[in-house]
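Below: one structure, written as structure tokens.
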Amino acid sequence: MTNDAEQELVDQYRIVSAEDAGPAPAAVRKAVLAEAAAAARRRQPAANDGKYLWRAVASIGVMAIALLIWRESEPELSRAPAGELRTVKAARDTTNAAPAAQTSAPSAQIEHRSRPSQRQEKKAEAMPPPMPTSPSLSRSVQVAEAGAPSPARPPQDAERVDAVVQDAAAGAVAAGAAEATTSVTAAAPAKAAKQPQSDVAASAGRSTQRLTPAQLYQLHFPDSNDANTETSIAWLLMNNAGEVLEKGRLLPSDSLETLRIRLIDRHRVAISAWQSMAGYDQQGRPLRIAIARTNQ
Amino acid sequence: MSRMEASATSDETLIKRYAAGDVTSFQELYDRYESQLWKFVLRQSGNRAMAEELTQDVWFTVTREAPRFNDTGRFGPWLFTIARNRIIDNFRTTQRHENLDATDEPAAPAIDSPPAQTERLQTGQAILRALSSLPTDQREAFVLQADAGLSVSEIATVTGTNLETAKSRLRYARDKLRESLKAYL
């Protein structure tokens, strides 16, 4: 058989085969095309599916709204800078002017949360004061030990917490006074340990050195027998030499911070944040004294 | 992609597009190979119902395996390789596989005398009968060339043999068909 004959055989076969086989069944075609579409859909990433895309967009929107609501409802205090926060807290604590024993617990919790060095302070309090590692630490330790010698004295925690509030003085405004405090406590730590006095008093100058809050109160507010020591705070404004520039009483409705701003306006000098101390007067009544210093 | 664009596109591009999610490309491919694959499967299975099932399975396999289509290969041989493997699996399962891989050439049965109908019909039936009497591998090679339009090298690829084996199978198949159809051609 020649090539032509072979080709004729193949051609004839093709005609016969096509007639015999006919087209592929329509059912097969339908099933195959449906499966092809389904397989393609299965391979599509979910991100390309409009349904999932809208879900993702909606989820992000909900999260954004929740975030906004959360930020709006966040307490004002938590948005303030750290230094300012402490000052505001100190002002609030003192402004409330509740008895030290009653207000100490909440303020202790606040301070505990906001101060990472609290554990170090507790450790320092548990043992005789060794070499102070920081001005704030030494101050806290000393002030905690400078409680009034009243027999009816409430637990020491109250004083310690109030003393810790003094760290509000860490602001830049108080640079001069803080340095003075540091030099006193760092230069003679052993002495500070043996003579537990208010470092506030020590740093405030000769006139207030080694005075307890009660003695300070008695010294500067001798006519205060009738004053309500439970609801008002006595305050002192001292210069760098320890002289009292101004003093007075803060009403519960007033704020120490507002007072400080007023004093700055009046004296035209930088004034440190308030250092608050608590103790008991000779009648055993709780008292609170807040001291601020100028940098001159 | 429009149908007109698809018609000018190679099979390989279409299968890649389908793998990327373009169902239209698959439809174009299906249209191109529907008839060829159907005839190949029908001739190899010898049973229309079985051929329908196998054809559907083959196309399903294509839809599944499309993302793994080899970039360097050609779609036609790939499709018929899938079909051939599926047919072999089916025959093995149903115990109807007869000497698919044998290379010995069994003697072709003689064609009966032509029936007393039209010449064309007689010739057509004679051709199909002659084809069905061929050994499986020879019939396979012949159908892949005549129905699927594959080249000899592509037939070798699909059947997993070398070029010379594919050529000899084709030659044997034609010789036997010619011998069987002497009375008609």
Side-chain angles (χ1 to χ4, degrees), chain A residues 1-70, chain B residues 17-27 29-31 33-43 48-49 51-60 62-67 120-121 123-128 130-131 142-143 145-147 149 170-171 174-175 177-179 181-182 184-185:
Chain A
M1 188 185 272
T2 62
N3 282 343
D4 289 344
E6 281 187 5
Q7 190 58 45
E8 188 188 350
L9 173 66
V10 172
D11 289 343
Q12 206 152 5
Y13 164 74
R14 282 177 177 153
I15 294 167
V16 171
S17 176
E19 285 177 355
D20 177 68
V28 172
R29 180 186 177 88
K30 190 178 175 183
V32 168
L33 293 182
E35 175 62 20
R41 229 180 4 256
R42 281 195 297 270
R43 281 195 296 271
Q44 288 277 331
N48 292 344
D49 192 325
K51 179 176 64 180
Y52 295 110
L53 185 66
W54 278 113
R55 284 184 190 174
V57 169
S59 300
I60 291 169
V62 168
M63 282 191 284
I65 291 168
L67 184 66
L68 282 174
I69 291 171
W70 176 71
Chain B
R17 284 183 184 170
Y18 170 65
D22 182 9
V23 181
T24 314
S25 298
F26 181 85
Q27 288 175 356
L29 268 179
Y30 186 85
D31 289 344
Y33 285 91
E34 178 186 28
S35 175
Q36 298 171 26
L37 183 69
W38 165 245
K39 282 186 280 186
F40 172 71
V41 174
L42 182 63
R43 298 287 164 243
R48 194 168 282 270
E52 285 183 17
E53 187 181 327
L54 291 174
T55 303
Q56 186 169 303
D57 281 355
V58 170
W59 283 114
F60 281 10
V62 170
T63 64
R64 275 198 313 273
E65 300 296 319
R120 192 179 170 202
L121 185 60
T123 307
Q125 288 177 341
I127 291 173
L128 292 178
L131 184 72
F142 182 82
V143 171
Q145 186 183 50
D147 279 334
L170 277 172
R171 190 173 61 248
R174 284 176 190 156
D175 288 349
L177 283 175
R178 183 189 58 198
E179 187 65 30
L181 298 171
K182 264 182 186 173
Y184 302 95
L185 299 175

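Side chains included, hydrogens not; waters and symmetry mates left out as well; all remaining heavy atoms used. By convention in this document, chain letters (A, B, ...) are assigned in the order of the sequence lines, proteins followed by strands, and residues within each chain are numbered from 1. If you're wondering where the values come from, they're calculated on a predicted model, not measured in any experiment.
Interface residue Q145(B): only backbone heavy atoms are found under 4.5 Å from chain A.
Distance check, rounded to the nearest 0.5 Å: CG of D175(B) to CG of L170(B) gives 10.5 Å. In this structure, CG on L37(B) lies 9.5 Å from CG on L54(B), to the nearest 0.5 angstrom.
With chain A as partner, the option from L128(B), L131(B), V62(B), D147(B) having the largest number of non-hydrogen pairs under 4.5 angstrom is D147(B). Here A21(A) is the residue among A39(A), A21(A), A40(A), A31(A) with the most heavy-atom pairs under 4.5 Å with chain B. Annotation: maximal heavy-atom pairing with chain A below 4.5 Å, among S35(B), A51(B), P67(B), occurs at P67(B).
Using a 4.0 Å cut-off between a side-chain N of Lys or Arg and a carboxylate O of Asp or Glu, E8(A) and R178(B) do not qualify as a salt bridge.
Classification of the F142(B)-Y13(A) ring pair by plane angle, with boundaries at 30° and 60°, yields perpendicular.
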